[in-house]
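Beneath this line is the structure, given in structure tokens, with notes to follow.
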Amino acid sequence: MGTYNEEAAIGTVLDDVERVTDGRAEVVCVDGSSDRTPEIAREKGARVVEQEPQGYGVAVREALLTPDRPVVVTTDCDDTYPMEQLPEFLAEINRGRDVVSGDRLYWGAEEMPDLNRWGNHAFAALASVLMGEDLLDMLLLDERVHDTTTGMRAYRREVIEDIEWTENTGLSAELLIRPKMRGYDVREIPIAYDERAGETKLDPFTGGAAIAKSIVKVCVQERRRREQRKPDFR
């Protein structure tokens, strides 16, 4: 988890993680808070890595790379994500998936602010169009992406180590797009989404613009990479 002033929810989230994993998860919080978030996290048994606030992607990247575990799960710490579905994520990894991503929009995400929900649908549509080589086949086979900015995912460690991540605000989209375009086995599963505890930290306009820019940049880079790897039969 990347944590920033989440004292209203961090305790509940960590209690939920402890409960559904029987205490077997190593929890890492990369924190830049000015409130009691790091103290609460330590009291709950989490490992806290403190850093100056540098944005979402910087914190999450550090959180991904810190634990030495074969499977790494990310989640936000605002109590919006269903920790009771963590076993389902891990079961999919155990079945051979490389990345398992929570789709908040499948059930409607009614607790999400309207502007955010519409924006997330737009991000998914933009990414799907830019990722696919054949738009019709993509739609018929349902290979489009459904939720690019979800914070709840499970990754095999080799996926994290294989790909050089570049984005900050748009890291969550990048963490889905690059593995999918490189042929990793990526599965999106529906998850519930609840009203957040505490105040949101991301401005929907500046943050949304940064995410859209990241989606375009990453998709263009990966399409070029794919073209360069195709055999030349001339």
Side-chain angles (χ1 to χ4, degrees), residues 1-2 4 55-61 64 73-78 80-82 89 98-155 159-160 163-182 184 186-196 200-226:
M1 304 178 190
Y4 182 67
Y56 174 84
V58 174
V60 171
R61 189 181 298 113
L64 283 166
V73 176
T74 61
T75 185
D76 291 350
C77 49
D78 54 10
T80 56
Y81 290 96
F89 279 61
D98 296 309
V99 180
V100 182
S101 184
D103 177 5
R104 302 165 297 173
L105 304 176
Y106 185 90
W107 301 115
E110 293 182 358
E111 298 296 336
M112 187 181 293
D114 289 343
L115 184 60
N116 295 35
R117 186 169 60 254
W118 298 333
N120 281 315
H121 279 296
F123 296 148
L126 175 64
S128 296
V129 169
L130 294 177
M131 289 170 63
E133 291 186 322
D134 189 309
L135 181 59
L136 180 59
D137 283 349
M138 180 190 68
L139 293 173
L140 291 174
L141 298 173
D142 196 21
E143 293 181 348
R144 65 192 187 279
V145 295
H146 301 86
D147 188 357
T148 59
T149 61
T150 180
M152 187 173 179
R153 292 203 184 110
Y155 306 87
V159 178
I160 295 168
I163 297 174
E164 182 180 352
W165 313 107
T166 64
E167 299 305 288
N168 193 352
T169 303
L171 181 69
S172 57
E174 183 179 24
L175 285 166
L176 181 68
I177 292 169
R178 289 200 196 274
K180 194 167 179 66
M181 293 189 72
R182 295 191 187 191
Y184 283 101
V186 178
R187 169 82 189 278
E188 289 185 272
I189 60 176
I191 61 171
Y193 185 80
D194 206 352
E195 184 176 2
R196 68 169 286 123
T200 184
K201 314 301 188 303
L202 183 67
D203 180 89
F205 296 102
T206 58
I211 292 167
K213 182 179 178 180
S214 292
I215 290 171
V216 173
K217 172 186 171 184
V218 169
C219 287
V220 168
Q221 288 177 344
E222 289 300 316
R223 289 179 72 92
R224 287 174 178 168
R225 181 179 185 275
R226 190 160 57 191

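Here the structure is a predicted model, which means the values were calculated and not measured. Index from 1, following the sequence.
Looking only at side-chain heavy atoms (C-beta outward), Pro190 and His146 stay at 4.5 Å or farther from each other. Side-chain contact between Arg223 and Met181 is present, with at least one heavy-atom pair separated by less than 4.5 Å. Counting only heavy atoms from C-beta outward, the side chains of Val145 and Ile177 never approach each other to under 4.5 Å.
Residue Ile211 holds its CD1 atom at 10.5 Å from CG of Asn168, rounded to the nearest 0.5 Å. Once rounded to the nearest 0.5 Å, the distance linking OG1 of Thr148 with NZ of Lys180 reads 12.5 Å. One distance of note links CG of Leu105 with OG1 of Thr149; it measures 7.5 Å at 0.5 Å rounding. Summarising the geometry, atom OG1 belonging to Thr74 is positioned 7.0 Å from atom CG belonging to Leu175; distances are rounded to the nearest 0.5 Å. Taken from CE in Met112 to CZ in Arg104, the straight-line distance is 4.0 Å, to the nearest 0.5 Å.
For Pro113, the side chain to side chain contact (heavy atoms under 4.5 Å, CB included) partners are Asn116, not counting sequence neighbours. For Ile163, the side chain to side chain contact (heavy atoms under 4.5 Å, CB included) partners two or more places apart in sequence, or in a different chain, are Val159, Trp165, Arg178, Pro179, Arg182, Tyr184. Listed by chain and number, the residues in a side chain to side chain donor-acceptor pair (under 3.5 Å) with Arg225 amount to none (sequence neighbours excluded). The side chain to side chain donor-acceptor pair (under 3.5 Å) check on Arg153 picks up Ser101, Tyr155, with sequence neighbours excluded. Remark: Asp76 pairs with Tyr56, Asp78, Tyr81 by the side chain to side chain contact (heavy atoms under 4.5 Å, CB included) rule, at least two apart or across chains.
The minimum heavy-atom distance linking Ala192 with Pro82 is given by the pair O-CD, 3.3 Å. For the pair Arg117 and Asp114, the tightest heavy-atom approach, listed with the atom from each and the gap, is NH2-OD1, 2.5 Å.
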Item checked: Check against side-chain contact (heavy atoms from CB on, under 4.5 Å), Phe89 and Val73 -> CA-CA 9 Å; Phe89 279 61; Val73 176; 5.6 Å; no
Next item on the list: Report the C-alpha separation of Glu188 and Asp147 in whole Å, then their side-chain angles, then the decisive distance to 0.1 Å, and conclude whether the side-chain contact (heavy atoms from CB on, under 4.5 Å) test is met.
Entry: CA-CA 8 Å; Glu188 289 185 272; Asp147 188 357; 4.1 Å; yes
Checklist line | Ile191 and Thr150: CA distance, side-chain angles, deciding distance, side-chain contact (heavy atoms from CB on, under 4.5 Å) verdict | finding: CA-CA 10 Å; Ile191 61 171; Thr150 180; 4.3 Å; yes
Next item on the list: Please step through side-chain contact (heavy atoms from CB on, under 4.5 Å) for the pair Phe205 and Leu115, ending with a clear verdict.
Entry: CA-CA 9 Å; Phe205 296 102; Leu115 184 60; 3.8 Å; yes
When the side chains of residues 212-220 are checked against the rest of the protein, which donor-acceptor pairs come out under 3.5 Å, sequence neighbours left out?
residue : atom : partner : partner atom : Å
Ser214  : OG   : Glu167  : OE1          : 2.5
Ser214  : OG   : Ala210  : O            : 3.1
Lys217  : NZ   : Glu167  : OE2          : 2.9

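Using a 3.5 Å distance cut-off with no hydrogens or angles, the side chains of Glu111 and Thr80 do not pair a donor with an acceptor.
Considering Thr166, Val58, Leu176, Val60 as possible partners of Leu171, the one that fulfils the side-chain contact (heavy atoms from CB on, under 4.5 Å) test is Val60.
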